[in-house]
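In what follows, a structure is listed as structure tokens, so that the remarks can point back to it.
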Amino acid sequence: MVSLAECGWIAVYAIGFGLILWLVALISRAGGWHPETARKTAHVSIGLITISFPWVFERWPPVAILGVIAAVGLFLVRRSQRLRKSVGAALHEVDRQTYGEIFFVVAVALVFALADGDRILYLVPILVLTIADAAGALVGTRYGATSYRTLTGSKSAEGSVTVFFASFLAAHIPLLLFSDLSRSATLLAAFTLALLVALFEAIAFNGLDNLFIPLGGWFALSRFMELGDDELLFRFLVLVAVLSLVIFARSRSSLDGSAMLGAALLGFAVWVLGGWLYFLPLLLYFASHLLETPRVRRAQEKAQRGRRGHDLRAIFSVAATSLLWVGLAAAFPQRDFVVAHALKVAFHIAVGNFGTLAVLRPTW
């Protein structure tokens with residue numbers, strides 16, 4: 001049951017969120033703001049208010065109820081032309097399809113429940129989402145000059161770098177002030193989390209970064225809090241090594257920008273959850289891909305068919321089953337799923353090689 005006091009706070013927050021959207025829409029129109037600026041102003045304003053939840057609510061049901069109310073309200077705003085042009089003007093004038101505002105509400109409710117009263121595990125992911133996502137979007141919109149392809153368009157390298165630095169500050173300051181981690185552990189945890197957030201943001205589409213960033217941030221931080229300095233340093237170095245590998249191999253790969261970053265994220269997740277025995281088959285698969293891609297490109301150019309690339313869906317197809325096996329390995333450490341995972345990767349390599357043969361030997 002929800003108490004009368006909790007009902008009062010739910011009403012206060014719900015009315016407050018609506019007023020913020022209305023005020024931002026009013027001010028942005030009067031000031032001629034860019035649609036992205038208006039959307040991110042609303043994003044930051046509401047995000048900063050939700051940070052107060054752990055000090056107001058002691059249980060997750062009131063936050064869940066508030067999330068349902070907010071999600072229903074946002075859905076009605078999205079469906080009503082009149083509401084879109086008034087209250088929803090701060091959200092729906094951007095020139096792209098996004099459901100980020102609804103994912104934001106869902107993420108806040110889920111992270112609050114998962115944090116289970118731990119204020120740091122709630123504060124850091126939501127603060128990172130609030131600050132880093134908005135900073136990256138605004139910098140990328142105004143100053144983005146170097147772009148890379150994503151599943152639904154493109155993003156800027158400048159925006160991604162901004163996401164990294166903003167995430168580092170949003171994570172490092174609360175961890176330094178309110179956690180029991182040592183100074184070195186705080187730095188390592190913040191750097192690793194910032195890199196992961198930048199990768200999550202790079203592969204997200206249709207507003208899914210509002211879901212990927214806080215949930216991924218909670219998952220990573222909940223594990224970092226239990227590790228010592230040496231283990232945190234090892235994870236940071238592994239992430240840097242995997243990311244460096246895919247960046248330096250970019251010219252030999254047919255994967256687009258977000259797919260390459262997705263490959264780095266997948267490799268790190270498999271290493272951390274399963275260990276090097278699970279990572280090795282994926283590394284061999286990536287090496288095979290790098291060896292075959294130049295041959296395929298030459299054959300395509302010779303046949304005057306142009307180059308064909310691969311987007312993030314290629315990584316999703318590998319991740320779907322790889323994460324299943326390493327997840328089982330993490331959940332049941334007494335069982336060994338290495339052979340099953342290796343056979344799965346071997347199947348992917350076989351499929352990829354048949355595709356290569358179709359280009360190199362079309363008469364076969």
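Treat the numbers as computed from the prediction; the structure is a model and nothing was measured. Count residues from 1 along the sequence.
The side chain to side chain donor-acceptor pair (under 3.5 Å) search around Ser182 returns Ser184, Asp229, not counting sequence neighbours. Under the side chain to side chain contact (heavy atoms under 4.5 Å, CB included) criterion, Ala198 pairs with Val163, Phe164, not counting sequence neighbours.
Between the side chain of Thr192 and the backbone N or O of Ala189, no donor-acceptor pair lies under 3.5 Å. Side chain of Thr130 to main chain of Ile126: a donor-acceptor pair is present (N/O by atom type, distance under 3.5 Å, no hydrogens or angles). Between the side chain of Ser179 and the backbone N or O of Leu176, no donor-acceptor pair lies under 3.5 Å. Not one N or O on the side chain of Tyr278 forms a donor-acceptor pair closer than 3.5 Å with the backbone of Trp271. For Lys344 (side chain) and Val318 (main-chain N/O), a donor-acceptor pair under 3.5 Å exists by modelled atom type. Between the side chain of Thr293 and the backbone N or O of His289 there is at least one donor-acceptor pair closer than 3.5 Å. With hydrogens and angles disregarded, no donor-acceptor distance shorter than 3.5 Å links the side chain of Arg252 to the backbone of Glu292.
Annotation: His341 is not in aromatic contact with Phe337 [ring centroid separation under 6.0 Å not met]. Note: Tyr122 and Phe57 fail the aromatic proximity criterion, with ring centroids not under 6.0 Å apart.
Residues Asp311 and Leu255 fail the side-chain proximity criterion, which asks for heavy atoms closer than 4.5 Å. Pro214 places none of its side-chain heavy atoms less than 4.5 Å from the side chain of Val128. Taking the side chain as every heavy atom from C-beta outward, Ile51 and Leu123 approach each other to under 4.5 Å. Side chains of Ile120 and Met225 form a contact here, defined as non-hydrogen atoms less than 4.5 Å apart. Using a 4.5 Å cut-off on side-chain heavy atoms (C-beta onward), Thr41 and Ile27 make no contact. With a 4.5 Å cut-off on side-chain heavy atoms, Phe286 and Leu290 count as touching. Side-chain atoms of Leu261 and Leu243, non-hydrogen and from C-beta on, do get closer than 4.5 Å to each other. Contact check for Leu196 versus Phe212: no side-chain heavy atoms found under the 4.5 Å cut-off.
A distance of 9.5 Å separates OG in Ser167 from CG in Leu127, rounded to the nearest 0.5 Å. If you take NE2 on His348 and CG on Asn353, they are separated by 13.0 Å, rounding to the nearest 0.5 Å. Interatomic distance, CG of Leu129 versus CZ of Phe103, reported as 12.5 Å (0.5 Å rounding). Note that the OG atom of Ser253 and the CZ atom of Phe248 stand 15.0 Å from one another [nearest 0.5 Å]. Between the CG atom of Leu232 and the CZ atom of Arg223 there is a distance of 13.5 Å, given to the nearest 0.5 Å. In this structure, CG in Leu328 is found 11.0 Å from CG in Leu323, a value given to the nearest 0.5 Å.
When all heavy atoms of Phe17 and Leu66 are compared, the closest pair comes out as CE1-CD2, 4.2 Å. Closest approach of Val246 to Ala263, counting heavy atoms only: CG1-CB, 4.4 Å. Between Ala249 and Met260, the closest heavy-atom pair is C-CE, 4.1 Å. The two residues Pro62 and Arg59 come nearest to each other via the heavy atoms CD-O, 3.4 Å. Minimum interatomic distance between Gly159 and Ser156 (heavy atoms only, all atoms of both residues): N-OG, 3.0 Å. Between Leu233 and Leu188, the shortest heavy-atom contact is N-CD1, 3.7 Å.
Summarising the local packing, CH2 of Trp55 is surrounded by more than 12 heavy atoms from other residues, nucleotides or ligands at distances under 6.0 Å. Around the CZ atom of Phe236, the shell of radius 6.0 Å holds more than 12 heavy atoms that belong to other residues, nucleotides or ligands.
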Requested in this report: Please test Leu169 against Phe165 for side chain to side chain contact (heavy atoms under 4.5 Å, CB included), starting from the C-alpha separation and ending with a verdict.
Outcome: CA-CA 6 Å; Leu169 292 175; Phe165 284 109; 5.8 Å; no
Query raised in the report: Yes or no on side chain to side chain donor-acceptor pair (under 3.5 Å) for Tyr13 and Ser52, after CA distance, side-chain angles and deciding distance?
Result: CA-CA 11 Å; Tyr13 277 114; Ser52 65; 2.7 Å; yes
Requested in this report: Give the C-alpha distance, both sets of side-chain angles, the deciding distance and a yes or no for side chain to side chain contact (heavy atoms under 4.5 Å, CB included) between Phe104 and Leu74.
Outcome: CA-CA 11 Å; Phe104 182 93; Leu74 291 169; over 6 Å; no
Requested in this report: Determine, step by step, whether Asn210 and Ile102 satisfy the side chain to side chain contact (heavy atoms under 4.5 Å, CB included) criterion, reporting the C-alpha distance in whole Å, the side-chain angles of both residues, the deciding distance to 0.1 Å, and the verdict.
Outcome: CA-CA 9 Å; Asn210 285 355; Ile102 296 177; over 6 Å; no
**Report entry** Audit row: Leu114, Leu215, side chain to side chain contact (heavy atoms under 4.5 Å, CB included) steps and yes/no
**Finding:** CA-CA 9 Å; Leu114 292 169; Leu215 290 180; 4.0 Å; yes
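The hydrophobic cluster containing Ile15 does not contain Phe53, counting ILVMFWY residues as joined when their side-chain heavy atoms lie under 4.5 angstrom apart, directly or transitively. Put simply, Phe354 and Ile349 are part of two different groups of oily side chains (I, L, V, M, F, W, Y) that touch within less than 4.5 Å, one to the next. Leu239 and Leu237 fall within a single hydrophobic cluster, where Ile, Leu, Val, Met, Phe, Trp and Tyr side chains are chained together by heavy-atom contacts under 4.5 Å. No chain of hydrophobic side-chain contacts below 4.5 Å, direct or via other Ile, Leu, Val, Met, Phe, Trp or Tyr residues, connects Ile49 to Leu19. Note on Phe347 and Phe279: separate hydrophobic clusters, where clusters join Ile, Leu, Val, Met, Phe, Trp and Tyr whose side-chain heavy atoms are under 4.5 Å apart, directly or indirectly.
Pairs of residues two or more places apart, or lying in two chains, never qualify as salt bridge (Lys or Arg N to Asp or Glu O under 4.0 Å) while including a residue from residues 204-214.
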